[in-house]
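Just below is one structure, and these are the notes that go with it.
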Amino acid sequence: MVKIINEKSRSSEDADVLQMSQRSISFRASTANDDTMTIEATLSTEDPVRMCDYDAWEMMEEVLLADGRQRTDYLPMLDSHNRWSVEEVLGHMDNIRTEGGNTVVTCHFDKNDETAVKVFRKYRDGHARGLSVGYTVKKYMDIAPGQSAVVKGRTFTASGTIKKRIVTEWVAKEGSLVAVGADAKA
């Protein structure tokens, strides 16, 4: 069974279901620039990531299609998804682009924030690698376990045990510096 969800068809009660999800991203330490305190990072890949479907309270594999990302020019770079204080903003991400099936960004660390400078050095030196993208799913198609479906001209197959969600529209809301993330290839 394939289930297609369109944000416009949801009720106001369903709006909470369109909550922000999170998955890992990773820095490209070799691109670190000490003068500008920037590093390139992969924000997302099209690889399946095990996530919780909070509607059904069950695990699923989720694929974020790169061409489904809504365009944005800026993302705040947070400490561990803490979005309740401006003190947790360690910089920002821009130059958001698609390279193959990956979404890539330039991470700018705040040169005037001691914590951001310290964290930049951890990532630059390879001691920390984990990041996570916070995003909102706008449209998706669910594929039942063991079934296949064609989405945007590509065939996707769910494993025999859990459904696969193909996200065809999503919005990145923030990028977070974290100890461990979810998308191992990002």
Atom of [X], atom of [Y] and distance for their closest heavy-atom approach:
X    : Y    : value
Y123 : A128 : CD2-O, 3.2 Å
V167 : Y140 : CA-CB, 4.0 Å
A66  : G101 : CB-O, 3.6 Å
P145 : K163 : CG-N, 3.7 Å
S132 : H81  : OG-NE2, 2.8 Å
Y135 : A172 : CB-CA, 4.1 Å

Handout entry: Side-chain ion pair, R165 and E62, N-O less than 4.0 Å
Key = no
Practice task
Tell me, please, which residues at least two apart from R154 pass side chain to side chain donor-acceptor pair (under 3.5 Å).
Solution key: E46
Exercise for the section: Identify, with sequence neighbours excluded, every residue that meets side chain to side chain donor-acceptor pair (under 3.5 Å) alongside N33. Expected result: T36
Test item: [X] and [Y] side chains (from C-beta on) under 4.5 Å apart, heavy atoms:
X    : Y    : answer
K164 : V63  : yes
L65  : I166 : yes
M37  : V117 : yes

Practice task
Apply the test side-chain contact (heavy atoms from CB on, under 4.5 Å) to residues M141 and V150: give CA-CA distance (whole Å), side-chain angles for both, the deciding distance (0.1 Å), then the verdict.
Solution key: CA-CA 10 Å; M141 175 185 282; V150 176; over 6 Å; no
Exercise for the section: Quick one: list whatever passes ring pair (Phe, Tyr, Trp, His ring centres under 6.0 Å) with H108, sequence neighbours left out. Expected result: H92
Report the distance from atom [atom1] of [X] to atom [atom2] of [Y], rounding to the nearest 0.5 Å.
X   : Y    : atom1 : atom2 : answer
E40 : T42  : CD    : OG1   : 9.0 Å
M60 : I143 : CE    : CD1   : 12.0 Å
C52 : E58  : SG    : CD    : 8.5 Å
E88 : N82  : CD    : CG    : 4.0 Å

Practice task
Only pairs at least two apart or in different chains count here, so list each side chain to side chain donor-acceptor pair (under 3.5 Å) that has a residue in residues 66-79.
Solution key: D67-K152, R69-T98, R69-T103, Q70-E169
Look at the side-chain heavy atoms of Ile, Leu, Val, Met, Phe, Trp and Tyr, link any pair under 4.5 Å apart, and say whether [X] and [Y] land in one connected group.
X    : Y    : result
V105 : L78  : no
V133 : I96  : yes
I162 : F156 : no

Problem - Where at least one partner belongs to residues 104-125, residue pairs that pass salt bridge (Lys or Arg N to Asp or Glu O under 4.0 Å), sequence neighbours excluded - result: D34-R124
Practice task
Return yes when atom CD of E99 has more than 12 non-hydrogen atoms of other residues, nucleotides or ligands closer than 6.0 Å, and no otherwise.
Solution key: yes
Fill in the blank from the handout: Test side-chain contact (heavy atoms from CB on, under 4.5 Å), reference F109, set T115, T38, I39, output is I39
Practice task
Each residue besides V104 in its hydrophobic cluster should be listed here, by chain and number; the cluster joins Ile, Leu, Val, Met, Phe, Trp and Tyr at side-chain heavy-atom distances under 4.5 Å.
Solution key: none
